[in-house]
S.K.: 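Submitted below is the structure of interest, expressed as structure tokens.
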Amino acid sequence: MTTDEKHIEAQQEAKLFFSRFLLEWYHLQKRDLPWRRHRNPYYIWISEIMLQQTRVDTVIPYFNRFIEQFPTVEALADAPEEEVLKCWEGLGYYSRARNLQHAAKQVKELYGGLVPDDRDAVFGLKGVGPYTAGAILSIAFNRPEPAVDGNVMRVLSRYFLIEDDIAKGPTRVKMEKLAAELIPEGEAGSFNQALMELGALICTPKSPRCLPCPVMEHCAARLAGCEASLPVKTKAKPPRPEERMAALVEGRGEHAGRVLIRQRPTSGLLARMWELPHWPAPPAEAGGARGALLPEAAALDRLRRSMSQAGIHARPEGHWMAAEHTFSHIVWTLQVYRCREEAALPLAAESRAVYGAAQAERADGALGAQPAEDAPLALFDSGDAAADAADSGAQRWINREDMKNYAFPNVFLKLLNSYFDEQGT
DNA sequence: AAGTCGGGGAG
DNA sequence: CTCCCAGACTT
């Protein structure tokens with residue numbers, strides 16, 4: 001027997017060992033999760049969409065609420081979109097919710113409300129990519145399809161000592177071929193879940209717990225002592241910072257006790273979510289620390305003109321608090337100002353009556369180069385042009401009770417709750 | 001292939 | 001702080 005043949009034979013033995021002992025471990029150690037209590041393809045599907053880039057512990061309460069509110073494919077397909085989005089509030093990646101409902105309509109209309117069990121049909125559902133298709137087919141229907149996510153690539157890269165960059169596309173394809181070879185006959189669902197369970201509980205990104213690992217004995221990375229340096233993955237670009245000014249506008253008269261919110265555009269960042277209105281803050285002065293506040297009077301003036309341009313008649317009264325919101329690719333620093341609604345006077349009259357003093361102050365200093373009164377705000381790169389151009393979006397006056405009817409990103413949820421706590425309402 | 005899409009938990 | 005998570009979609 002040649003050296004190559006011996007190597008291939010050893011590889012084959014390592015694969016059989018891996019599949020057998022991993023599956024055995026899973027049957028003893030698997031967690032009791034809500035979507036594992038039935039084999040309802042709809043439940044499996046919902047859970048897999050929620051679990052994209054999201055931890056199990058985060059998903060559990062969302063999953064339970066979701067299937068209570070939308071128990072069947074048809075219930076989801078027929079629900080108002082706002083209800084679906086509200087049920088997703090705080091979970092992130094909100095296009096998942098919209099795609100999911102779109103796919104529910106697909107299933108209702110094309111497949112009679114039954115989640116399809118063939119590869120092309122599942123892959124054709126909105127929001128279902130290579131991983132999720134494999135997960136649905138294997139877990140719900142026990143079809144021998146690989147389901148390769150971040151956990152699986154980490155486990156396989158270590159066990160087989162694969163040094164390919166898992167951030168690259170072709171690596172996932174390679175892993176899928178390998179994962180498919182490992183599936184034991186008739187055990188696709190359990191095996192794929194076992195692979196992910198090992199990644200979640202034992203073969204973790206940092207300091208893997210090798211001693212209790214059921215396949216440590218033949219783990220190539222462990223044997224080579226390099227398990228901590230795998231998988232190889234190019235690191236992501238850091239998010240770009242964005243300074244923004246937000247308005248917490250307190251209503252008067254018929255709006256007393258309520259604050260103004262607006263809806264974001266139908267596409268892009270936080271699509272269709274509700275928020276406090278906010279605008280780009282002018283770039284910090286040269287030499288000024290990033291995140292530094294503008295001089296108070298200049299900030300209030302800038303905010304007043306932004307609101308006016310958006311058709312919001314309100315007077316900024318002062319800085320309330322700062323808030324940060326981190327996305328994958330952006331970090332917002334929001335300076336929130338408390339404002340009071342005003343009667344809708346003609347703009348020129350309003351400006352002279354209320355802002356004469358502030359303008360006099362501005363004239364002698366920092367913002368001397370500002371555009372003339374009533375001129376459009378200077379455009380500068382805000383990184384959120386869609387939202388800034390969509391000031392025409394819907395607006396509402398709400399109190400705390402009304403919050404249950406609108407879906408907010410977490411940062412605005414926290415700001416609104418802080419405000420209503422402060423007001424004691 | 002690279003950028004766009006949230007939010008939070010672990011270390 | 002950094003990393004990354006049961007990824008998909010767009011360009």
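All values below were derived from every heavy atom in this structure, side-chain atoms included, with hydrogens, water molecules and symmetry-related copies excluded. Convention: sequence-line order gives letters A, B, ...; per-chain numbering from 1.
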S.K.: So if I take residues 183-206 of chain A and measure heavy-atom distances to DNA chain B, which residues fall below 4.0 Å?
M.R.: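 When residues 183-206 of chain A is checked for heavy atoms under 4.0 Å from DNA chain B, there are no hits whatsoever.
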S.K.: Taking the six-membered ring for Trp, are Phe412(A) and His278(A) ring centroids under 6.0 Å apart?
M.R.: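 Yes, they do, as the ring centres are separated by less than 6.0 Å.
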S.K.: Given the rule in the salt bridge (Lys or Arg N to Asp or Glu O under 4.0 Å) test, do Lys174(A) and Glu176(A) qualify, once you have shown the distances and angles that lead to the verdict?
M.R.: CA-CA 5 Å; Lys174(A) 177 176 177 177; Glu176(A) 283 172 346; over 6 Å; no
S.K.: Near DNA chain B, which residues from residues 90-109 of chain A have a heavy atom under 4.0 Å away?
M.R.: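 Contacting residues: Gly90(A), Leu91(A), Gly92(A), Tyr93(A), Tyr94(A).
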S.K.: For residues 75-87 of chain A, which residues have at least one heavy atom under 4.0 Å from DNA chain C?
M.R.: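 Nucleic-acid contacts, sorted: none.
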S.K.: Considering residues at least two apart in sequence or located in another chain, which fulfil the side-chain hydrogen bond (donor to acceptor under 3.5 Å, both in side chains) criterion with Thr58(A)?
M.R.: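 side-chain hydrogen bond (donor to acceptor under 3.5 Å, both in side chains) check on Thr58(A) returns nothing, list empty.
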S.K.: Give a yes/no on whether any side-chain N or O of His325(A) is located under 4.0 angstrom from OP1 or OP2 of dG6(B).
M.R.: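 Checking His325(A) against dG6(B): no side-chain N or O falls below 4.0 Å of OP1 or OP2.
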S.K.: Is there a side-chain contact between Lys235(A) and the phosphate of dT2(C), meaning an N or O under 4.0 Å from OP1 or OP2?
M.R.: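 Answer is no, no contact under 4.0 Å.
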S.K.: Backbone N or O of Leu230(A) within a donor-acceptor pair of the Arg158(A) side chain at under 3.5 Å?
M.R.: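 Flag set: sc Arg158(A) to bb Leu230(A) pair under 3.5 Å.
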S.K.: Tell me whether the side-chain N/O atoms of Asn151(A) come closer than 4.0 Å to OP1 or OP2 in dC5(C).
M.R.: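 Checking Asn151(A) against dC5(C): no side-chain N or O falls below 4.0 Å of OP1 or OP2.
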S.K.: Just call it for Arg172(A): base, sugar-phosphate, or nothing, with non-hydrogen atoms closer than 4.0 Å on any strand.
M.R.: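 Here Arg172(A) touches no strand at all.
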S.K.: Please tell me which of Leu270(A) and Lys168(A) maps to the more 5' nucleotide of DNA chain B, matching each residue to the nucleotide holding its nearest heavy atom.
M.R.: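 Its nearest nucleotide lies further toward 5', so the answer is Lys168(A).
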S.K.: Report yes or no: is the cationic atom of Arg262(A) (NZ for Lys, CZ for Arg) closer than 6.0 Å to the six-membered ring centre of Trp279(A), at no more than 45° off its axis?
M.R.: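 Judged by the rule (NZ or CZ under 6.0 Å from the ring centre, within 45° of its axis), Arg262(A) counts as positioned above Trp279(A).
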S.K.: Would His319(A) and Gln335(A) count as a side-chain hydrogen bond (donor to acceptor under 3.5 Å, both in side chains) here? Give the steps.
M.R.: CA-CA 7 Å; His319(A) 186 259; Gln335(A) 301 298 344; 2.7 Å; yes
S.K.: Near DNA chain C, counting only heavy atoms under 4.0 Å, which residues of residues 23-33 of chain A show up?
M.R.: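 Arg31(A), Leu33(A), in order of number.
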S.K.: Mind checking the P distance from dG8(B) to dA8(C)? Whole angstroms is fine.
M.R.: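 My reading of the P atoms in dG8(B) and dA8(C) gives 22 Å.
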S.K.: Provide the distance between the two P atoms, one in dC5(B) and one in dC4(C), to the nearest whole Å.
M.R.: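 The answer is 22 Å between these two P atoms.
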S.K.: Would you tabulate the side-chain donor-acceptor contacts of residues 62-70 of chain A under 3.5 Å, counting partners in other chains and residues two or more places apart, or write 'none'?
M.R.:
from     : atom 1 : to       : atom 2 : distance (Å)
Tyr62(A) : OH     : Glu89(A) : O      : 2.8
Asn64(A) : ND2    : Ile60(A) : O      : 3.4

S.K.: Go through the structure and list residues passing salt bridge (Lys or Arg N to Asp or Glu O under 4.0 Å) with Asp165(A), not counting sequence neighbours.
M.R.: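 Asp165(A): no salt bridge (Lys or Arg N to Asp or Glu O under 4.0 Å) contacts found.
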S.K.: Under the salt bridge (Lys or Arg N to Asp or Glu O under 4.0 Å) rule, what do Arg258(A) and Glu401(A) come out as? Steps first, then yes or no, please.
M.R.: CA-CA 10 Å; Arg258(A) 298 168 184 270; Glu401(A) 185 65 12; over 6 Å; no
S.K.: Going by number, which of residues 43-51 of chain A have a non-hydrogen atom under 4.0 Å from DNA chain C?
M.R.: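 Within this stretch, Glu48(A), Leu51(A) sit under 4.0 Å of the strand.
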S.K.: For DNA chain C, which residues in residues 114-141 of chain A have a heavy atom at a distance below 4.0 Å?
M.R.: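 Listed by number, they are Lys126(A), Gly127(A), Val128(A), Gly129(A), Pro130(A), Tyr131(A), Thr132(A).
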S.K.: Taking the nucleotide of DNA chain B with the closest heavy atom to each, which residue, Ser207(A) or Phe327(A), is nearer the 5' end?
M.R.: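 So the residue in question is Phe327(A).
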S.K.: Show your working on side-chain hydrogen bond (donor to acceptor under 3.5 Å, both in side chains) between Arg400(A) and Asn417(A) and close with a plain yes or no.
M.R.: CA-CA 8 Å; Arg400(A) 192 201 284 277; Asn417(A) 279 319; 3.1 Å; yes
S.K.: Indicate every side-chain donor-acceptor pair of residues 124-137 of chain A with a distance under 3.5 Å to a residue at least two apart or in another chain.
M.R.:
from      : atom 1 : to       : atom 2 : distance (Å)
Tyr131(A) : OH     : Glu48(A) : OE1    : 2.6
Thr132(A) : OG1    : Gln52(A) : NE2    : 3.0

S.K.: For Ser328(A), what residues pass the side-chain contact (heavy atoms from CB on, under 4.5 Å) criterion, not counting sequence neighbours?
M.R.: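 Residues passing side-chain contact (heavy atoms from CB on, under 4.5 Å) with Ser328(A): Tyr93(A).
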S.K.: With the threshold set at under 4.0 Å for non-hydrogen atoms, list the residues of residues 52-62 of chain A touching DNA chain B in residue-number order.
M.R.: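 Within this stretch, Gln53(A), Thr54(A), Arg55(A) sit under 4.0 Å of the strand.
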S.K.: Do the rings of Phe327(A) and His325(A) sit parallel, tilted or perpendicular, given the 30° and 60° boundaries?
M.R.: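 The arrangement is perpendicular - the two ring planes meet at more than 60°.
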S.K.: Distance check, P atoms only: dG11(B) and dA6(C), in whole angstrom units.
M.R.: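 Comparing P positions in dG11(B) and dA6(C) gives a spacing of 13 Å.
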S.K.: Please classify the nucleic acid contact of Pro238(A) as base, sugar-phosphate, or nothing, using heavy-atom distances under 4.0 Å.
M.R.: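 No contact.
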